[in-house]
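Inspection log for the structure reproduced underneath, given as structure tokens.
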Amino acid sequence: MATYNMATSKRHNRLVGRIYHDILRNFDELVKAEKINPLLEEAALVFWGEKSQEQSLVNIDELDDVGVFVAETINELSYVQPDFLLFKENSYLENVRENRFAGFPDLIVEVWSSGNRADERQLKFELYSTGQNVEHWYLEQNTNIVECYFDRIRLKNQDISDYIATQRGLTFDLRHLAL
């Protein structure tokens, strides 16, 4: 079982909470119109396979029968729980009862702590890189640097001492949490 420094854990929660808060505050009309779906870490992102096998996020556009997938398959798939994920342009399926989602999120954010092992970090990076049009960010709790990727393409790092922005123009203000 991983142990966490309480101060580090608080910063983790503040970073994730602030990203979620900024989405709700700045994009309230999109959220209400259900054109944007932000999810915190309680939501599970579904993917194919077991940890020992090849994995990829679920491409729901390639499914023959979405109804059968939602009713049966989605419950049997393995999953991860990113700290934050956002669906806007990309489509997804939802299992409301189990709070699971399948598809390629537009944005995935992981806030790493000392408890995250190297193999876990690599696993999540490889998994998130399988999606099309998926931007994924990685924040270390003890720095202000945000490592940014679009699919497998490394983007320029961002710094939370300034506004940070997605490739599609969503901006977040985490400056008050900068070290």
*Which pair of non-hydrogen atoms, one from Thr171 and one from Ala165, has the smallest distance, and what is that distance?*
CG2-CB, 3.7 Å
*Please lay out, stage by stage, how Glu120 and Leu123 fare under the test side-chain contact (heavy atoms from CB on, under 4.5 Å).*
CA-CA 5 Å; Glu120 176 187 6; Leu123 172 84; 5.6 Å; no
_Partners passing ring pair (Phe, Tyr, Trp, His ring centres under 6.0 Å) against Phe125 (at least two apart in sequence or in another chain)_ = His136, Tyr149
*Point-to-point distance, once rounded to the nearest 0.5 Å, from CZ of Phe104 to CG of Leu85*: 14.0 Å
*Write down the atom of Leu57, the atom of Pro105, and the distance for their closest heavy-atom approach.*
CD1-CD, 4.2 Å
_Ile160 side, atom CD1; Thr143 side, atom OG1 - distance, nearest 0.5 Å_ = 7.5 Å
*asked:* Go through it in stages, so that I can follow the logic: the residues are Asn142 and Trp112, the test is side-chain contact (heavy atoms from CB on, under 4.5 Å), and I'd like the CA-CA distance, side-chain angles, deciding distance and then a yes or no.
replied: CA-CA 9 Å; Asn142 56 356; Trp112 298 130; over 6 Å; no
*Do Ile19 and Leu177 belong to the same hydrophobic cluster, where Ile, Leu, Val, Met, Phe, Trp and Tyr are linked whenever their side-chain heavy atoms lie under 4.5 Å apart, directly or via other members?*
yes
_What verdict does the side-chain contact (heavy atoms from CB on, under 4.5 Å) test give for Val16 and Val109, after you've listed the backbone C-alpha separation in whole Å, the side-chain angles of each residue and the deciding distance to 0.1 Å?_
CA-CA 8 Å; Val16 173; Val109 178; 5.8 Å; no
_With rounding to the nearest 0.5 angstrom, report the CG to CD distance, Asn13 to Gln141._
8.5 Å
*asked:* For Tyr163 and Gln158, which I'm curious about, is there any donor-acceptor pair between the side chains at under 3.5 Å?
replied: no
*Show the numbers, then the answer: is there a side-chain contact (heavy atoms from CB on, under 4.5 Å) between Phe150 and Asn133?*
CA-CA 7 Å; Phe150 191 79; Asn133 302 318; 3.8 Å; yes
_Check whether Asp83 reaches the backbone of Val111 with its side chain - one donor and one acceptor, N or O, closer than 3.5 Å._
yes
*Of all the heavy-atom pairs spanning Cys148 and Asn157, show the shortest one and how long it is.*
N-OD1, 4.2 Å
*What pair of heavy atoms forms the shortest contact from Asn144 to Ala178, and how long is it?*
OD1-CA, 3.3 Å
*Are the side chains of Phe172 and Leu107 in touch, meaning some heavy atoms are under 4.5 Å apart?*
yes
*Give a yes or no on whether the backbone of Val134 and the side-chain of Asp151 come within a donor-acceptor separation of less than 3.5 Å.*
yes
_Strictly distance-based, threshold 3.5 Å: is any side-chain N or O of Asp173 a donor or acceptor partner for the main-chain N or O of Arg175?_
yes
*Run the side-chain hydrogen bond (donor to acceptor under 3.5 Å, both in side chains) check on Trp137 and Glu135 step by step: do they pass?*
CA-CA 7 Å; Trp137 293 353; Glu135 188 165 349; 2.9 Å; yes
*Roughly how far, to the nearest 0.5 Å, is CG of Asn116 from NZ of Lys124?*
6.5 Å
_Is there a path of hydrophobic side-chain contacts, each under 4.5 Å between heavy atoms of I/L/V/M/F/W/Y residues, joining Tyr128 to Tyr92?_
yes
_For the OG atom of Ser161 and the CG atom of Leu179, what is their distance to the nearest 0.5 Å?_
9.5 Å
*Inspect the contact between Glu126 and Arg121 and indicate whether a charged nitrogen and a carboxylate oxygen are less than 4.0 angstrom apart.*
no
*How many angstroms lie between CD1 in Ile153 and OG in Ser129, if you round to the nearest 0.5 Å?*
10.0 Å
